[in-house]
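A short write-up of the structure that comes next.
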Amino acid sequence: MTTASQGTRVLVLNSGSSSVKYQLLDMSDASRLAVGLVERIGEQTSRLKHTPLATGAEAREQNGPIADHAAALKAVAAELAADGLGLDSPELAAIGHRVVHGGLKFSAPTVITDEVLAEIERLVPVAPLHNPANITGIRTAQALRPDLPQVAVFDTAFHTTMPESAARYAIDVATADEYRIRRYGFHGTSHAYVSRETAKLLGKAPEDVNVIVLHLGNGASASAVRGGRCVDTSMGLTPLEGLVMGTRSGDVDPAVTFHLVRNAGMSVDDVDALLNKKSGLVGLCGDNDMREIRRRCDEGDEKAQLAFDIYIHRLKKYIGAYYAVLGKVDAIAFTAGVGENAAPVREAAVAGLEELGLAVDGELNAVRSESPRLISPEYARVAVAVVPTDEELEIAQQTYALVTPALNS
C-alpha cells in the first residue's frame, strides 16, 4: 500500500468532463501555493491558466489543443515544476480528488484502491456526467505518481447521515434497492465546511448548533444540519432535485416527463436535456447569471422579475421546511457565488419571515467581503450569515487528515 511522504502539501484535483481545476496547498498553514484551470480539453481552443501564488508571480496562460486529461495533467505538472513545486517533490503528501457520487458505501474520505475505483465506476449510472470524468482524473494522476496516496473526497459523503425517513423516496422498496434509487444529496464538501465555519462564527462547537446552509451558485442546494450532521438536503438521486438553479428546474412533478413523452413527442433524452440544461433561470428568462437578472429587474423586465420571484419562492419554501425539520435553528448561512455576492437574494429570501426570528440588516447585507460575517440585526433570534465556501480547502483538509497517520507509522 502507498504511504504518505513527510511532506505537508496536498494537490487537489477536480476533474470535469472537459476541464481540470486544481490547487496546491500547504497544510502546515493552509496556504495556497498555486491554483489553476485547464478548460476545453479535447478541443483546438484548450486553455490552461496557472497562478503561482507561492512566488507572487503573474498568472501564466497557455492556449492551444490539449488532447485529453492525461495531457492536461502533464501540462499542470510542468507548470508546477516551473515554480519549484513539481509533482515529484518530497513535500507532496497526497493528491485529493473531488468525486461527485459515492453512494452509500463511502461516508468519509477514502484512499483510492482498485476496489474503490471499481465501486466509483459502478455508480456511473447515477452520476453519468460526473463520475466518469472523476475516474479519468484519478487514473491519470495515478499514472503520474503511482507511489503517492490518492484520496477520494465525495460530494455525497456529508449527506450519508440523513435518516431513512429523509433519504427514502416513497416508491416500491425492492425496485428502489435494486437500482439504488434514494436521495443522496450533493455539494457535501461545501455544506460540511460552511456549517462548521458558521458554528465558529457564532463562537460555538458544531455539535451545539443547528444550521440551514444555502449553497447558491449555478447549481444550488440547501441542507438542514443538526449538531454537525446533515439530516436533510434538497438534491436527490441526482443534482436535479430541489431549488431553482441556473439551468436546472429543481422540483417538478415527475409526471411532467410522462406528459412530454406522450404528448410532445419528446424522447427521454430530450426531457433530460430540457430539465437539466434548458430550465431553471435560463428557461424562465433566458439568463442564468443573477447579476444580469437583477439588472433586468431594475429596468422593469417582467420575465426577469418573474424568474427572480420563482427562485425566491422556492428558496423560502426550503427555509421553512428545514426550519420545521430542525425544530430549532441557530443560523442560516448563505454561500457560493450567488449566496455570497447577491445581496438582493439574501434580503428577499428572509423577507416576511420575522415571525421565525429571521431578519437582515440592510447596511450589513450591502457590505462586500471575503470573510465570514453576520448580516442579521442584533435583535434577531436566528443569525443570518454569509460564509464563503472553500471546497478545495475542505478536500485538502480531509485528504491530509486521512494520510497523516501514515507519517507517524
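Residue numbers start at 1 and run along the sequence shown.
- Residue Phe186 forms a ring-ring contact (aromatic ring centres under 6.0 Å, His included) with just one option from His159, His191, His215, His101, and that option is His101.
- Within 6.0 Å of atom NZ in Lys316, more than 12 heavy atoms from other residues, nucleotides or ligands are found, so the atom counts as buried in its surroundings.
- A distance of 9.5 Å separates CG of Asp29 from CG of Leu25, quoted to the nearest 0.5 Å.
- For the pair Arg182 and Tyr169, the NZ or CZ position fails the cation-pi test of under 6.0 Å to the six-membered ring centre and within 45 degrees of the ring normal.
- Using a cutoff of 4.0 Å between basic side-chain nitrogens and carboxylate oxygens, Arg291 and Asp289 are scored as salt-bridged.
- Using a 4.0 Å cut-off between a side-chain N of Lys or Arg and a carboxylate O of Asp or Glu, Glu121 and Arg139 qualify as a salt bridge.
- In this structure, Asp309 does not pair ionically with Arg314, as no charged nitrogen and carboxylate oxygen lie closer than 4.0 Å.
- A salt bridge links Asp177 and Arg168; the closest N-O separation between the charged side-chain nitrogens and carboxylate oxygens is under 4.0 Å.
- Contact check on Asp390 versus Arg32 returns a salt bridge, with a Lys/Arg side-chain nitrogen under 4.0 Å from an Asp/Glu carboxylate oxygen.
- Residues satisfying the ring pair (Phe, Tyr, Trp, His ring centres under 6.0 Å) test with Tyr322, not counting sequence neighbours, are Tyr318.
- Ser369 places no side-chain N or O within 3.5 Å of a backbone atom of Val367 that could act as its donor or acceptor partner.
- Within a 6.0 Å sphere centred on CZ of Arg196, other residues, nucleotides and ligands contribute more than 12 heavy atoms.
- Put simply, the side chain of Asp253 gets close to the backbone of Ala255: a donor and an acceptor are under 3.5 Å apart.
- In this structure Arg47 satisfies the side-chain hydrogen bond (donor to acceptor under 3.5 Å, both in side chains) test together with Glu39, Glu61, sequence neighbours excluded.
- Summarising the geometry of Cys285 relative to Arg296, their closest heavy-atom pair is O-NH1, 2.9 Å, with the distance given to 0.1 Å.
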